Number of protein chains: 2
Amino acid sequence: MLKFSKKADYALMALQHIAAVQVGDGAPGRVVNTKEIAEEYNIPLELLAKVLQTLAKNALIESHNGPKGGYVLARRARQITIAQILESIEGPLGITDCSHEKDGEFCMQREHCNIRTPLLKVQDSVYQLLNNMTLQDMMGGTPLIMIQSSTAQGVER
Amino acid sequence: MLKFSKKADYALMALQHIAAVQVGDGAPGRVVNTKEIAEEYNIPLELLAKVLQTLAKNALIESHNGPKGGYVLARRARQITIAQILESIEGPLGITDCSHEKDGEFCMQREHCNIRTPLLKVQDSVYQLLNNMTLQDMMGGTPLIMIQSSTAQGVER
DNA sequence: TGATCTCCGATCAATAAGGTCGGACTAAGA
DNA sequence: TCTTAGTCCGACCTTATTGATCGGAGATCA
């Protein structure tokens, strides 16, 4: 439940790897190819390729073709958020089906729906969480985020 | 992406409805049956039944059999958290596959995994969010939760 | 210019979710 | 007490999404 897809996991790993290589070398031009990442993390090569293609299409990384080709981060690591990565791979993220209703389509329960409003609030919170964390933050391993609730503290499981 | 399943949505609607009926009447003994909920929210009857069965098995609601039977909340609305509801329906919730590793099984990438630690932090935050919000909170429609981040404020999309 | 290495789009299989059906039980009413 | 109607309960099937794969097009370096 609420699990990321494999593709999303792979995307995060790959981006973290690319970012680490660039930062480590201090050379933004160093490209890293699909095979290198796939072998490092035991990811199916062709699937990872597809993931990277998608990321490139969404302008999170740049693709360099031909021999010695590969991928490079399109922006600085601190300018890429987790939310952006996930949205690139899986489309707009929303907890509920009715989050991104276009006119005409709406859920059968919309009229008497009693959970729409509170769920949208939860969704906003999750989105803030993911959009406030960047690729840069994932590198260091430092504590990042705190949550405060105005009600219902200390509910035992 | 990150979407709740239909079953989870139905569970939340049903529980909210049951809670509302009880609170509204002030009578904790008032039972509400599957059919009533299904018709109110246009939910497939048999599927909703299955959801309610699961909730009953997990002791979130009590089932009363026979004519005039139905379901009643097993506890007060403020003692039931969103996290508990979701876990009842979908099993333990975790963002990553490696969240609940039992000994022996582990993901192929575990050894060189570079995103495990930060993702577990995100997961904890989401869990806190869901576990700090109760069924009671969903009734009022009042603002509930705030998030603060220590880094990376104001990242534009 | 040739060959090799890369990215790219379309296609197929596996898993999980969504939905459905019939049976067993309980309790109220005659 | 017996009947009967209404309820919960468990197993089954269908559909949609995800995971994984294959062959082709483009570009670069020798």
Side-chain angles (χ1 to χ4, degrees), chain A residues 1-11 13-14 18 29-39 41-72 74 86 89-94 96-97 107-109, chain B residues 1-11 13-14 18 29-39 41-72 74 86 88-94 97 107-109:
Chain A
M1 181 61 202
L2 276 182
K3 226 168 37 182
F4 289 175
S5 69
K6 287 269 177 72
K7 284 197 280 188
D9 286 340
Y10 296 159
M13 288 188 210
I18 296 173
R30 155 80 190 278
V31 297
V32 47
N33 62 16
T34 308
K35 192 178 177 185
E36 176 182 333
I37 301 175
E39 288 180 351
Y41 301 104
N42 286 23
I43 302 174
L45 181 66
E46 303 297 340
L47 181 56
L48 177 62
K50 187 173 178 173
V51 169
L52 292 176
Q53 290 164 27
T54 306
L55 291 176
K57 188 181 298 178
N58 285 88
L60 291 177
I61 54 179
E62 290 175 359
S63 68
H64 292 274
N65 213 334
K68 293 277 210 174
Y71 292 99
V72 188
L86 294 179
I89 298 297
E90 315 246 359
L93 48 86
T96 63
D97 283 324
C107 77
M108 211 61 74
Q109 294 82 22
Chain B
M1 182 59 204
L2 277 182
K3 227 170 33 181
F4 289 175
S5 68
K6 287 270 176 70
K7 284 197 280 187
D9 286 340
Y10 296 159
M13 288 189 210
I18 295 174
R30 157 79 191 280
V31 298
V32 46
N33 62 16
T34 308
K35 192 178 179 185
E36 176 183 332
I37 301 175
E39 289 179 350
Y41 302 104
N42 285 23
I43 302 175
L45 180 66
E46 303 297 339
L47 181 56
L48 177 62
K50 187 174 177 172
V51 169
L52 292 175
Q53 291 164 26
T54 306
L55 292 176
K57 189 181 297 178
N58 285 88
L60 290 177
I61 54 179
E62 289 176 0
S63 68
H64 292 275
N65 213 333
K68 294 278 209 172
Y71 293 99
V72 187
L86 295 179
S88 293
I89 298 297
E90 314 247 0
L93 49 85
D97 283 324
C107 76
M108 210 61 72
Q109 294 81 22

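Chain letters run A, B, ... following the sequence lines, proteins first, then strands; residues in each count from 1. Just so it is clear, the model here is predicted, and its values are computed rather than measured.
Note on Ser63(B): every side-chain N or O is 4.0 Å or more away from OP1 and OP2 of dT7(D). At the phosphate of dA17(C), neither OP1 nor OP2 sits under 4.0 Å from any side-chain N or O atom of Tyr10(B). Asn33(A) has a side-chain polar atom (N or O) that falls below the 4.0 Å cut-off from OP1 or OP2 of dT6(C).
Leu47(A) has its CG atom 15 Å from the P atom of dC8(C), to the nearest Å. Straight-line distance from the CZ atom of Phe4(B) to the P atom of dG18(C): 13 Å, rounded to whole Å. Rounded to an integer number of Å, the gap from Leu45(A) CG to dC8(C) C1' is 13 Å. One can place NZ of Lys6(A) at 10 Å from P of dT15(C), the figure rounded to the nearest angstrom. A straight line from CD of Glu46(A) to C1' of dG19(D) spans 13 Å, rounded to a whole angstrom. Whole-Å rounding puts the Asn58(A) CG to dC7(C) C1' distance at 16 Å. Atom NZ in Lys7(A) sits roughly 17 Å away from atom P in dT15(C) (whole-Å rounding). In this structure, Leu52(A) atom CG and dC8(C) atom P are separated by 9 Å, rounded to whole Å.
Here the CG-CD distance, from Asn33(A) to Glu39(A), works out to 8.5 Å after rounding to the nearest 0.5 Å.
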(message) Could you walk me through whether Ile37(B) and Tyr10(B) satisfy the side-chain contact (heavy atoms from CB on, under 4.5 Å) test, starting with their C-alpha distance in whole Å, then the side-chain angles of each, then the deciding distance to 0.1 Å, before giving a yes or no?
(response) CA-CA 10 Å; Ile37(B) 301 175; Tyr10(B) 296 159; over 6 Å; no
(request) Take Leu86(A) and Phe4(A), measure what side-chain contact (heavy atoms from CB on, under 4.5 Å) needs, and give me the verdict at the end. (result) CA-CA 9 Å; Leu86(A) 294 179; Phe4(A) 289 175; 3.8 Å; yes
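For Thr34(A), taking side-chain heavy atoms from C-beta onward, the closest of the listed nucleotides dC7(C), dT26(C), dT20(C) is dC7(C). Closest approach to the Tyr71(A) side chain among dA20(D), dC8(D), dC8(C) is made by dC8(C) (side chain taken as heavy atoms from C-beta onward). Of the listed nucleotides (dG22(C), dA27(C), dT7(D)), dA27(C) has the atom at the smallest distance from the side chain of Pro67(B).
Applying side chain to side chain contact (heavy atoms under 4.5 Å, CB included) to Ile61(A) and the options Val72(A), Val32(A), Val31(A), Leu55(A) leaves one that passes, Leu55(A).
Each of Gly69(A) and Leu48(B) was matched to the nucleotide of DNA chain C holding its nearest heavy atom; the match closer to the 5' end belongs to Gly69(A).
Residues Ala38(A) and Leu48(A) come closest through the heavy atom pair N-CD2, 3.6 Å.
Counting distance only, with no hydrogens placed and no angle test, the side-chain atoms of Lys50(B) and the base atoms of dG19(C) include a donor-acceptor pair under 3.5 Å.
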